Amino acid sequence: CPSSPPLTPVGRLDALQKRLNAMVQGLDLVRAPLTKFDGSLSADQRQQLDALGGDKASDPAKLCSTQNQEFINVPTQEIIATVDPDDKQKEALDQLDNVAAKAASMLQSTCPSEIPSSTEARLDAMNKRLKATVTAMNEIRPALTGFYDSLSDEQKARFNTMPSQ
């Protein structure tokens, strides 16, 4: 985590991507020991372990849907009101909106319909979702950078001070 929040939207995206990459690496680090530990358990112990993380009351599809909506929620009207883009800049903003919608659709495909029953399957589902989020961010980065780079210094200053979504 950075010691101070990044000042630009692209910087904030970079910081988030670093955190997500660290989470992917963390999952990779615990996979082998968890698999070894899981293999050493009796069937009853494995069932008890699997029951610890299998909260059937939560709805992963609803959670994913909410996260996907937040991911694509480019505050277009607020950006327009803040930076007063010209027509070329509006095209770049539209491109950002379109790319974000495609990224959200791709993310939706990684949402499990139910919580996996085993600890290892839950770890696999988390890993798949994290990697998909990193991929989605990589898809969005060029569109966000393109829009940001099209702004004047004054517009960038106003854009940078917009509240984070």
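This chain uses plain numbering: 1 for the first residue, then up along the sequence. Both backbone and side-chain heavy atoms feed into the values below; hydrogens, waters and symmetry mates do not. These numbers were taken from a predicted model, which means no experiment stands behind them.
- Side-chain contact between L20 and K131: absent, with no pair of heavy atoms (C-beta onward) separated by less than 4.5 Å.
- In this pair, F147 and F159 present their aromatic rings perpendicular. The plane angle is above 60°, beyond the 30 to 60° band.
- Here the side chains of K36 and P33 are not in contact, with every heavy-atom distance at 4.5 Å or above.
- Using a 4.5 Å cut-off on side-chain heavy atoms (C-beta onward), E139 and K102 make no contact.
- Taking 4.5 Å as the limit, some side-chain heavy atom of D28 sits within range of a side-chain heavy atom of N127.
- A pairwise comparison of heavy atoms in S152 and Q155 identifies N-OE1, 2.8 Å as the closest pair.
- Side chain to side chain, T82 and R158 fail the donor-acceptor criterion of an N or O pair below 3.5 Å.
- More than 12 heavy atoms of other shown residues, nucleotides or ligands fall within 6.0 angstrom of atom CE in M126.
- Side-chain heavy atoms closer than 4.5 Å link hydrophobic residues (I, L, V, M, F, W, Y) into clusters, and following such links, even through other members, never connects L16 to L7.
- Here CG of L13 is found 4.5 Å from CZ of R141. Values are rounded to the nearest 0.5 Å.
- Side chains of D86 and Q89 form a contact here, defined as non-hydrogen atoms less than 4.5 Å apart.
- Between L93 atom CG and L151 atom CG the span is 9.0 Å, to the nearest 0.5 Å.
- Applying the side chain to side chain donor-acceptor pair (under 3.5 Å) rule to D124 yields the partners R31; only residues at least two apart in sequence or on another chain are considered.
- With rounding to the nearest 0.5 angstrom, the OG1 atom of T110 is 4.0 Å from the CZ atom of R129.
- Judged by distance alone, the side chains of T8 and N160 never bring a donor and an acceptor atom under 3.5 Å apart.
- Taking CG of L123 as the start and OG1 of T35 as the end, the distance is 7.5 Å to the nearest 0.5 Å.
- Scanning all heavy atoms of the two residues, the minimum distance from I140 to A103 falls at CD1-CB, 4.0 Å.
- Judged purely by distance below 3.5 Å, without hydrogens or angles, the side chains of D44 and Q48 pair a donor atom with an acceptor atom.
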side-chain contact (heavy atoms from CB on, under 4.5 Å) for C111 and Q108? Distances and angles first, verdict last. CA-CA 5 Å; C111 288; Q108 187 61 38; 4.1 Å; yes
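- What you find for P85 and I80 is that their closest heavy atoms are CD-O, 3.5 Å.
- For the pair D14 and P6, the minimum side-chain heavy-atom distance is 4.5 Å or more.
- The NZ atom of K128 sits 13.0 Å away from atom CG of L130, with the distance rounded to the nearest 0.5 Å.
- A distance of 11.5 Å separates NZ of K90 from OG1 of T76, quoted to the nearest 0.5 Å.
- With no hydrogens or angles considered, a side-chain donor-acceptor pair links Q17 and N138 at under 3.5 Å.
- Scanning for side chain to side chain donor-acceptor pair (under 3.5 Å) contacts around S42 gives Q45, with sequence neighbours left out.
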